[in-house]
Number of protein chains: 4
Amino acid sequence: MEAHSGLSAKIVEEAGFKGIWASGLAISATLGVRDCNEASWTQVLDAVEFMRDASTLPILLDGDSGFGDFNIVRRLILKLEQRGINGVCIEDKLYPKRNSFIECDQKVCDADSFTGKIKAAKDTQKDNDFCVVARLEGFIVGLPFEQVMERAHMYADAGADAILVHSKRTDAEQILAFTDIWDRPTPLVVVPTTYNSTPTDVFAKAGVSLAIWANHNLRTSITAMQDTCRQIYQAQSTLKASENIASVKEVFRLTDMEELAAAEKHYLSGSGAE
Amino acid sequence: MEAHSGLSAKIVEEAGFKGIWASGLAISATLGVRDCNEASWTQVLDAVEFMRDASTLPILLDGDSGFGDFNIVRRLILKLEQRGINGVCIEDKLYPKRNSFIECDQKVCDADSFTGKIKAAKDTQKDNDFCVVARLEGFIVGLPFEQVMERAHMYADAGADAILVHSKRTDAEQILAFTDIWDRPTPLVVVPTTYNSTPTDVFAKAGVSLAIWANHNLRTSITAMQDTCRQIYQAQSTLKASENIASVKEVFRLTDMEELAAAEKHYLSGSGAE
Amino acid sequence: MEAHSGLSAKIVEEAGFKGIWASGLAISATLGVRDCNEASWTQVLDAVEFMRDASTLPILLDGDSGFGDFNIVRRLILKLEQRGINGVCIEDKLYPKRNSFIECDQKVCDADSFTGKIKAAKDTQKDNDFCVVARLEGFIVGLPFEQVMERAHMYADAGADAILVHSKRTDAEQILAFTDIWDRPTPLVVVPTTYNSTPTDVFAKAGVSLAIWANHNLRTSITAMQDTCRQIYQAQSTLKASENIASVKEVFRLTDMEELAAAEKHYLSGSGAE
Amino acid sequence: MEAHSGLSAKIVEEAGFKGIWASGLAISATLGVRDCNEASWTQVLDAVEFMRDASTLPILLDGDSGFGDFNIVRRLILKLEQRGINGVCIEDKLYPKRNSFIECDQKVCDADSFTGKIKAAKDTQKDNDFCVVARLEGFIVGLPFEQVMERAHMYADAGADAILVHSKRTDAEQILAFTDIWDRPTPLVVVPTTYNSTPTDVFAKAGVSLAIWANHNLRTSITAMQDTCRQIYQAQSTLKASENIASVKEVFRLTDMEELAAAEKHYLSGSGAE
């Protein structure tokens, strides 16, 4: 499940999900910038570090196209492991990337240079459990099916721990055509944003290992804030708006204020000055 | 109206509000940390910079107790003005502050040292329109009414552009007792979080210049994310959840993706490689 | 004159120079990373912001190849102007760039995409005095003279405020061949690092407007630290090493500690607690 | 030996020293700000992270007075361990601290609150080898000897891994009076900046475990930059100045550019595009 902040990461964990998708779209939209690498890679790193501290779940960072060449990818892996992030997904597009759902200058990168990034990532990681997911953007930019499949094999050969097949169709045709043929042990990942009318177990039966709900915490918070703003602006009062939203106490519970009160008793002397 | 991110700042602007309260509680809770200066002052600065870029509204930063002494306040003012932030509110508590609504080690600072901070802030600002709001925490920690009032006069004397009277009561008694006596031109600000059952025009009639809706974007987004997470987790599908939340297109609209597409046509040659 | 930190910027100013070259090589080497965009563009921004605060001189940032496409350049300009930086130099190489003096994968970018960056930069700046310098890397990668000249004209046409002609030869032949032909009002900039045996007035007479001493504060501090470390390590004492280095008092003078002592008297009450 | 940047950390390692003192004075002066917590604690963290990446030596961070209360200290420890820093030294002064050698508002904090910080630090660390050094500022602010000694015992009792006895005298009298009495296994650390005429083996014989050369890389680089700036400014040429300073090649060696060239051959395909 997508998260984009420490707070949303905590909420994802409490809801029972097994892992966090640190979405590039959601992180950048929350910052107020476009999902086109307008936030620098270290600004993304800062965001995901707060997510790490707020949740114990595995976190897979949406690493866009790797924020540059193989060498930037190496620095990224170093920094992610220092911060306890568990994996990164990189896609075979040029830097700066464009969000896959917009009508912009969408270009896949050279497949060889992308395998170089995957190898560089795998060679850099120190923790064997760190995961590098290779994301296929071929369907997004309109590459022929065979080329997308060929790239998938190249990326698996290069050491990718999983292949994310991305599609912007409103049906699952591209995805299922792909899973139908894929016969390697490298697991498959899908992101059913546009084609979410296909039941999830269809993908499970097709051999998909992981489905990512990619941006729904972002989107629901937008609607909620728009509604609440509208309501408060009209009423010029928060009385009614406060009825259906989390209490201030709930905010404190989410950041575990109780632990702080207990810690003060433990670590602060009676005299109390700093 | 409270905002805590570039995204929420944009939403506040679109809703028609005249200004943004960059809430310390909301910024820190969004990061996943406690409203006790767990985020460093430069991390808060990073957050408010994204808010600046995403909105044209005046932004008043909740500057807690100033993140240190008068000298840190001077650096803060320098950095806020560079980033185009329009004002800061500082409160007469010790650093690291504790959120005013929690049962923790709440202490006001020496009044003289606080007037030093106000003077330092006013002497540092280069833009005459920059505002320094002095927040009274006396009612929060239980100071006698006279002492709170005396501090208000000292802070106004020191050059504060406005006085924020804070109260955690569920009625407006402390606030109205204060406004009843206050007869100086320095404007008053209130934060009706706990005492929001009092109609806003009561404060207007009592001479209050500004009411801050201090944390409701944060709180509504918490509820929304908790509900959506629960729904998606149970359904193992986003189909139903997607019905009532912002579309991906709305995310793009909020970050003005159209401008980027137009700019690409303008600045990218036909050949297109970076 | 090159600077790479607040401290070196202050020293450059005190020495009498008219402006500061915020060198990408020097900033990255000081951080301990390679001059190949291993530091993110916001990390570079942080470095140059400290330089701004420490010096009143005009600062020209070495902006490498612009840290991405025209859109990243636009964000860069926005951020530089917020921080009071006076100009940026961008070079016609791909991102991530390679330092011009190393035997690595050196590639110029498409000339049209680079003119797009220049136009985007000029359209974005709000202060008319902000300067965008276009740096020619053609000689570095071995382009024919005519192509380098043609690019210079394209960049001037696109609005560049100056053209930086870069060369890694140990003589000034390429530079002087260029200045000999250049007949436009757009001023020329040179970086005599490898060809510094040519007297500076040769360039002045050839019509060059600005010479950049590009990395000598970095290099002299390296030698000094290596020597001092060796000496202290051998002596296991700082007694001798301390004789020829700045005193602690000089460190305080450079950061104007006296002003702080005076400010404490002004802003701190007698009671003194925070 | 002091370091203040990735570059200086690398130089310290190459000189043979066994560990790095990440000096607060040196880090802040390099940034161009005062050693009075003008840099936020996360800005200090950024500096020390670059040092970590550039050197394999143990790094002890000069953590000033802990940047706030016990709770900020807990966050600091968490962040330092994530980044692989090996220890932190905290001093018993108020936040924001003042450099110990300046005539400013110098105040020690309450001893009990400081033991709370030490306990909080030790309880927070996950790696048993992480070190928390407690620095006595009593001699700096003029506390009686007995009170300084009493604090030392309290800090050792609280779990400090070492006691740093600080003095600003030009002789070693205070230090040696202290070591003469100290009979606990908790090791002692000294910083012979002002009293460096006392031979180092005097301290060794007195039972001191560690001497810190606290700011000499900073100070030597200041002198070097001032000299080189003066020379280049007068000559308007770098020819003579370049003779006695590190070559550009040496800069490349220090950041291991050779490894990058080799990696490019390994990870970049012949086709070479990003």
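In the text below, chain A, chain B and the rest are named by the order of the sequence lines, each starting its count at 1.
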Between [options], who has the most heavy-atom pairs with chain B when the cutoff is under 4.5 Å?
options                                   : value
Ser197(A), Ala54(A), Ala261(A), Ser237(A) : Ser237(A)
Thr193(A), Leu31(A), Ile222(A)            : Leu31(A)
Thr194(A), Asp53(A), Val33(A)             : Val33(A)
Asp46(A), Thr228(A), Thr223(A), Leu260(A) : Leu260(A)

Relative to chain B, which segment of [X] carries a heavy atom at a distance below 4.5 Å: side chain, backbone, both, or neither?
X         : answer
Glu2(A)   : neither
Leu254(A) : side chain
Asn217(A) : both
Phe101(A) : both
Ala29(A)  : both
Glu103(A) : backbone
Pro199(A) : neither
Met1(A)   : side chain
Gln43(A)  : side chain
Glu259(A) : both

Between [Y] and [X], does any NZ, NE, NH1 or NH2 come within less than 4.0 Å of an OD or OE carboxylate oxygen?
X         : Y         : result
Arg219(B) : Glu250(A) : no
Asp35(A)  : Lys97(A)  : yes
Lys168(B) : Glu137(B) : no
Glu49(A)  : Arg52(A)  : no

Subject >> Exercise: identify the closest heavy-atom pair between Ala22(A) and Leu61(A) >> reply: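 Taking Ala22(A) first and Leu61(A) second, the nearest heavy atoms are O-CD1, 3.7 Å.
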**OP:** Please report the closest heavy-atom contact between Leu25(A) and Phe252(B), naming both atoms and the distance.
**Re:**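 Leu25(A) and Phe252(B) have their closest heavy atoms at CD1-CE2, 4.0 Å.
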Original post:
Measuring from His216(B):NE2 to Trp21(B):CH2, what's the distance to the nearest 0.5 Å?
Top reply: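 Here the rounded value is 13.5 Å.
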**OP:** Look up atom OH in Tyr95(A) and atom CG in Asp64(A), then write down how far apart they are to the nearest 0.5 Å.
**Re:**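 Taking OH in Tyr95(A) and CG in Asp64(A), the distance rounds to 9.5 Å.
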Shorter than 4.5 Å, heavy atoms on both sides: which option in [options] has the most such pairs with chain A?
options                                    : answer
Val251(B), Ile245(B), Asp227(B), Asp256(B) : Ile245(B)
Asn196(B), Asn244(B), Asn99(B)             : Asn196(B)
Met257(B), Arg230(B), Lys10(B)             : Met257(B)
Lys265(B), Gln226(B), His4(B)              : Gln226(B)
Met51(B), Gln234(B), Arg98(B), Glu14(B)    : Arg98(B)

**OP:** Could you walk me through whether Ser23(A) and Leu218(A) pass the side chain to side chain contact (heavy atoms under 4.5 Å, CB included) test, one step at a time?
**Re:** CA-CA 9 Å; Ser23(A) 155; Leu218(A) 170 72; over 6 Å; no
Original post:
Do the side chain of Asp62(B) and the main chain of Gly24(B) share a donor and acceptor less than 3.5 angstrom apart?
Top reply: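 Side chain of Asp62(B) to backbone of Gly24(B), a donor-acceptor pair under 3.5 Å: yes, one is there.
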**OP:** Return yes if some donor-acceptor pair links the side-chain N/O of Thr238(B) with the main-chain N/O of Ala241(B) below 3.5 Å, else return no.
**Re:**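 No, because the side chain of Thr238(B) does not come within donor-acceptor range (under 3.5 Å) of the backbone of Ala241(B).
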**OP:** Dump the intermediate steps for side chain to side chain contact (heavy atoms under 4.5 Å, CB included) on Val141(A) and Ser100(A), then the final yes or no.
**Re:** CA-CA 8 Å; Val141(A) 303; Ser100(A) 304; over 6 Å; no
**OP:** Step through it carefully: locate the ring centre of Tyr233(A), locate the ring centre of Phe17(B), and say whether they are under 6.0 Å apart.
**Re:**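 Aromatic pair counts; centres sit under 6.0 Å.
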Original post:
Which residues in residues 200-213 of chain B have any heavy atom lying under 4.5 Å from a heavy atom of chain A?
Top reply: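 From residues 200-213 of chain B, the residues near chain A are Thr200(B), Trp213(B).
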**OP:** Verify side chain to side chain contact (heavy atoms under 4.5 Å, CB included) between Asp69(A) and Ser113(A), making sure each step is shown before the conclusion.
**Re:** CA-CA 8 Å; Asp69(A) 67 358; Ser113(A) 86; over 6 Å; no
**OP:** Evaluate the side-chain hydrogen bond (donor to acceptor under 3.5 Å, both in side chains) criterion for residues Thr56(A) and Glu13(A): first the C-alpha distance (whole Å), next the side-chain angles of each, then the deciding distance (0.1 Å), finally the verdict.
**Re:** CA-CA 8 Å; Thr56(A) 62; Glu13(A) 179 165 1; 2.4 Å; yes
